[in-house]
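Shown next, in structure tokens, is the structure this report addresses.
For ligands, and for the atoms within them, numbers begin at 1 and follow the listed sequence.
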Amino acid sequence: MHPDIFHKDFTPTPFWWEAYRPTAGELVNVPRTARVAIVGGGYAGLSAALELTKHGVDAVVLEANELGFGASTRNGGAVSGGVNVGKSFTGKTIEVDGGRVDRILSDAADAFALIDRLVEEEKIDCFWEKPGRFVGAWARKHYAAQSRRVATLNAAAQSGAYMVPRDRQREEVASDYYFGGMVVERSGKLHPALYYKGLLDACRRRGVAICAKAAVTRIGRDGNKWRVETARGVLSAGDVVVATNGYTGSLTPALRCRVVPIASHIIATEELPPDLAGSLIPRAKTLSDTKRVLCYYRMSPDGRRMVFGGRARFTQVDATVSAPILQRYMIDRFPQLRGVKVTHAWTGNVAFTLDALPHMGHRDGLHYCLGCNGSGVAMMTYLGWQTARKIARVANYACSFDTEEFPDHPLYSGNPWFLPVVGGYYRLRDHLDRLLG
Ligand SMILES: Cc1cc2nc3c(=O)[nH]c(=O)nc-3n(C[C@H](O)[C@H](O)[C@H](O)COP(=O)(O)OP(=O)(O)OC[C@H]3O[C@@H](n4cnc5c(N)ncnc54)[C@H](O)[C@@H]3O)c2cc1C
């Protein structure tokens with residue numbers, strides 16, 4: 001423990017949980033039958049349940065832990081509409097063949113619009129704002145690569161993207177850390193746990209059974225139905241949706257070996273003096289950077305604290321390990337925050353896929369929506385929604401993420417033992433990028 005960085009009220013839980021803390025609530029019994037059983041009660045699971053119910057299809061959500069245990073109440077709350085799609089955990093944006101890239105970006109733009117619609121229709125009070133995002137270029141060649149992407153983003157996702165050269169970047173961020181960067185106007189931010197709670201309330205208003213502490217332990221065929229065994233009883237369902245993202249486990253081995261769970265870590269600072277707080281990100285955007293071991297940050301909804309995240313480690317580690325690393329990364333960008341104390345530090349899992357794309361589809365008879373690749377507030381909400389529309393047979397077009405291909409690798413069966421090595425290697429590559437380019 002580095003006592004000098006921790007505030008006296010430090011807690012190793014998400015800052016967002018001050019507003020909504022995951023709870024099992026009054027335990028809802030697991031019903032004996034449902035038309036659709038959804039495994040996992042994060043954004044994807046809840047948004048699938050909500051959309052199914054709107055079409056008269058009865059759905060049950062089965063969550064292993066408290067409601068909101070997963071990444072959906074732990075994330076940074078930055079909402080993107082395409083700029084992150086196809087970005088692998090190497091930080092590199094993968095190349096997708098010409099025609100498909102436009103469809104992917106168009107779906108990502110629709111995911112952003114879906115958040116807008118849900119927040120309005122369900123009256124979700126979650127500090128939803130659309131100030132845009134600034135993606136700082138860590139090296140000169142990254143700035144050049146960003147410049148080449150601007151036109152595609154604007155044409156296919158109406159991103160409102162443009163470049164900001166280094167001599168003007170202080171209009172976006174009170175730091176000289178980057179070689180300029182890209183602004184993406186069509187980006188937003190929200191309070192992730194309040195957005196989660198809003199989806200939960202919307203489901204409850206429509207009578208969806210949401211069962212906490214109901215880990216699904218086995219799924220098997222029972223005639224033309226599914227027999228879904230949970231920690232709190234057995235359910236018979238017509239369809240099953242797996243929405244477990246970075247927490248996908250041995251229940252679904254064929255899916256587990258297609259997603260790599262990677263930890264992401266965040267700290268929140270104590271309340272800053274108003275002048276300092278107001279000066280750090282003058283236009284209140286969310287920020288991220290082009291490093292392989294990237295950081296992402298924003299001010300808290302009240303504008304008083306820095307909420308700063310990144311891959312302090314690629315694996316789950318204690319907050320006493322991740323917080324000093326993140327604090328150092330924060331001071332690299334904002335030397336003016338030296339001496340500021342950390343009040344919260346936490347971690348959660350994201351799921352990367354081997355082709356860096358989110359996926360929905362059907363495998364061994366089960367529906368799935370998985371693979372946020374680090375950016376899933378909009379995307380996982382959207383994939384849950386798309387999966388529901390497919391099951392309810394109301395989808396009027398095929399989502400570009402709904403494909404047969406969901407790559408695996410002969411050397412990977414779901415245990416990401418290689419992550420610490422990968423983390424070290426990418427830190428080195430980041431260092432070389434800055435040095436050489
Ligand atoms: C620290 C951090 C920062 C992030 N920052 C951002 C950001 O700024 N912007 C952004 O867009 N995205 C961000 N993300 C990603 C985003 O949070 C996720 O993509 C999104 O929340 C995933 O939602 P989900 O519903 O798919 O999964 P989750 O919310 O992770 O839910 C999956 C649930 O499945 C449950 N489960 C697993 N196995 C079983 C089982 N057998 N039975 C029953 N339940 C089971 C788990 O308990 C878990 O609650 C971040 C993630 C983290 C961890």
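In this model, no donor atom of one side chain and acceptor atom of the other lie less than 3.5 Å apart for Gln146 and His142. Checking His362 against Glu404 by side-chain atom types alone, no donor-acceptor pair falls below 3.5 Å. Side chains of Trp17 and Thr73: a donor-acceptor N/O pair is present below 3.5 angstrom, by distance only.
Listed by chain and residue number, the protein contacts of ligand 1 are Val39, Gly40, Gly42, Tyr43, Ala44, Leu62, Glu63, Ala64, Asn65, Phe69, Gly70, Ala71, Ser72, Arg74, Asn75, Gly76, Gly77, Ala78, Ala215, Val216, Ala243, Thr244, Asn245, Tyr247, Leu251, Ser264, Ile266, Tyr296, Gly348, Asn349, Val350, Cys372, Gly374, Ser375, Gly376, Val377, Met380 (heavy atom within 4.0 angstrom).
In summary, the aromatic rings of His191 and Trp16 are positioned with their centroids under 6.0 Å apart.
Residue Glu122 is tested with Lys197, Arg117, Arg205 for a salt bridge (charged side-chain N to carboxylate O under 4.0 Å, His left out); the sole match is Arg205.
Taking the six-membered ring where tryptophan is involved, the planes of Tyr297 and Phe308 are essentially parallel, since the angle between them stays under 30° and well short of 60°.
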